[in-house]
Amino acid sequence: MKLNLSLDANLEEPLHTQIFIQIRSLIVSGKIPLGALLPSSRVLAEELCIARNTVIFGYETLIAEGYIESRGTAGTFVSKILPDDLIGVSNDQKKNSTSDNVDPEPVLCFAGSPGGDGASSRPEIDFWVGRSAPDSFPLQIWKKLLVQTLNSSGLYIADYSDPAGLLVLRKAIAEHLARSRGIEVDAEQVIITSGSQDGLNLVYRLLQNNYKKVYVENPCYQGAVFLFQSLGIEVIPIPVDKNGMIVDQLPTDHSSIVFVTPSHQFPTGATLSLERRKQILKWAEATDSYIIEDDYDGDFRYDGPPLTSLSGLDNSQRVFYLGTFSKSLGAGLRLGYTVAPKPFNAQARQTKAFMNNGQPWLEQVVLSKFLEMGEFDRHLRRVRKLYKRRRDRLISCIEKHFPETSVSGFDCGLHLVWHIPDDFPTATEIQMKARNKNIGIYSLKSGAAIDLNNSTADNIILLGYSSVPSDDISKAMKILQETINELLLNSSSKKPNRQSRLNNQKHEQHSLHEV
Ligand SMILES: Cc1ncc(COP(=O)(O)O)c(C=O)c1O
């Protein structure tokens, strides 16, 4: 294959970087097909009249970034799966990214299959974060309630209903919040939304005239950061540690918004300590600021008692609470709610009307019946047990196959964080190699998270366990162990520590056989 590269020794970029950029662009634009064999470094060097080492250098960068792979004597090939696919960049964006004039579109972190039929290029065993187990959805009872509702009051579908949501559902949610999250609110404060993302848009509209800055946890949920950035609001990162956002670091200037995930910080999984909860509430009051509490997976706490939500502790009407049924029931329902501070009741209802005149009537009726009958509580008890079993299996597999690694953020939610040591391959390397074996694991930036300071080392893997059956978890972890050993073998010549880790492992395996 002839690549027709055109290099210019007068440019600032060195020749090997020009090779990297041009070949990457040819791959991303589809001009070189996936899996294609590239010319050898010797042939390309001769064709370009440059030193062979320059080409080798360019190829090595492409290999490190996952665009091409070396298969020993067989040659160097374009990867079958590109890094851009792994971080969710669509084909359209790839086309755009080849042109300097077009801003790439933001990544859609939770985009699913276009047909809505689940048919996507997701790997066979997929640890994608924050997904409910599809087969745990209470399909039978949902169907029964749907049919019942259509038979008894189906004609209401022809009408508009309250843009803030059906009162029966708002009441049922207020009761659920009091029971399970310690939040005492009037039904009028509850606005039914199309999930938390819709709630976030709603809250921003309520505050946008007077609040021009948003503080976010760093690292943070992409869905929130990308939304704020798209609205042109200044986004300022505040670091997190094992107790959640370091509230001390919030500036004391006035009139800001702060976005937090206190139950299970996304992505680190930390729980905001009670002390910091009180501190952030005081800060909001003192600085005339508002807190957006995103409680996306707070229904799932496995160890220890739940901490009262920020909204439940708030005595000065400073917290907007975002709730969602995406994790507890299913993201395809697109149902959630926002609890606004009382002074915003009328404005929130009006704004929701401006946005979309409210949510579909049928699903709201069914969900309200589901809650009133106690089915939601029963469902939560059932899936909590299931997800806890899956979480425990995952942790024990990690301990068994990777004793030198550690996990965190597993008390709550649907994903945990796997920390890999420095002399392991990077998270991205492991992710890409695993993907070729049909296993989906996710580095920080591919797992719907963003590090605004770019300061996190590539040694964190996010593992969503809720939708993966226990046997698949065991199978995947075994394959991952082989995968990581292969990577260690391939790169051991470059990193002496890796060689010694592999020797140790071989030695350990040997001694196990001998016992
Ligand atoms: C931090 C965070 N917030 C919110 C959501 C859910 O958004 P939605 O309710 O719009 O589905 C997710 C989804 O995974 C999330 O990770």
Side-chain angles (χ1 to χ4, degrees), residues 88 106-113 116 122 126-134 137 165 173 190-204 214 216-228 230 235 237 240 244-245 257-272 291-300 309-311 320-339 352 355-356 359-360 363-364 367 387 409 412-417 440 442 444-452 462-467:
V107 176
L108 293 175
C109 40
F110 278 96
S113 65
R122 301 229 72 97
D126 191 13
F127 292 91
W128 180 236
V129 288
R131 272 205 300 180
S132 58
F137 184 82
I173 289 173
V190 179
I191 308 287
I192 307 302
T193 63
S194 167
S196 326
Q197 198 66 24
D198 190 35
L200 203 53
N201 276 282
L202 169 68
V203 174
Y204 178 70
V214 62
V216 299
E217 302 160 321
N218 196 49
C220 187
Y221 173 49
Q222 284 180 359
V225 170
F226 292 166
L227 170 68
F228 294 132
S230 77
V235 180
V240 298
M245 177 184 266
I257 304 170
V258 59
F259 173 84
V260 270
T261 46
S263 296
H264 192 230
Q265 199 275 326
F266 193 89
T268 67
T271 302
L272 191 70
I291 301 169
I292 304 177
E293 174 177 26
D294 180 3
D295 200 13
Y296 66 107
D297 63 2
D299 289 310
F300 300 100
S309 64
L310 281 175
S311 180
F320 287 88
Y321 178 91
L322 305 182
T324 181
F325 292 96
S326 285
K327 313 297 163 189
S328 51
L329 279 169
L333 276 179
R334 303 311 307 134
L335 276 173
Y337 50 93
T338 296
V339 180
K352 186 66 174 134
M355 287 168 69
N356 46 29
Q359 299 311 122
E363 281 76 14
Q364 289 190 70
L367 180 57
Y387 297 165
C412 182
L414 307 180
H415 77 272
L416 57 75
V417 181
Y442 299 90
L444 196 79
K445 71 174 177 211
S446 1
I450 180 167
D451 171 4
L452 286 156
L462 303 180
L463 297 171
Y465 46 80
S466 39
S467 64

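Counting starts at 1 for both ligands and their atoms, in listed order. Computed from heavy atoms alone, side chains included, the values below leave out hydrogens, waters and symmetry copies. Keep in mind the model is a prediction, meaning the values are calculated, not measured.
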Scan for side-chain hydrogen bond (donor to acceptor under 3.5 Å, both in side chains) pairs involving residues 259-268, sequence neighbours excluded, and state none if there are none. R181-S263, E217-T261, E217-Q265, S263-D295, H264-Y296, H264-D297, Q265-T268
Near F266 (heavy-atom distance under 4.0 Å), the atoms of ligand 1 are 1 (C), 16 (O)
Below 4.0 angstrom, N of the basic side chain to O of the carboxylate: do R334 and D198 qualify? no
Can you label the angle between the F300 ring and the Y387 ring as parallel, tilted or perpendicular, going by 30° and 60°? tilted
Going by the atom numbers of ligand 1, which of them fall below 4.0 Å from some non-hydrogen atom of G195? 9 (O), 10 (O)
Is it true that the side chains of K352 and Q359 contain a donor and an acceptor less than 3.5 Å apart? yes
May I ask you to check if ligand 1 and K327 share an N or O to N or O distance below 3.5 Å? yes
Can you name the atoms of ligand 1, numbered from 1 with element, that are less than 4.0 Å from a heavy atom of Q197? 10 (O)
By side chain to side chain contact (heavy atoms under 4.5 Å, CB included) - contacts of S311 (at least two apart): I183, E293, S309, V319, Y321
Using distance alone, decide if ligand 1 has a nitrogen or oxygen within less than 3.5 Å of any nitrogen or oxygen in S194. no
Is there a heavy atom in S326 that sits closer than 4.0 Å to ligand 1? yes
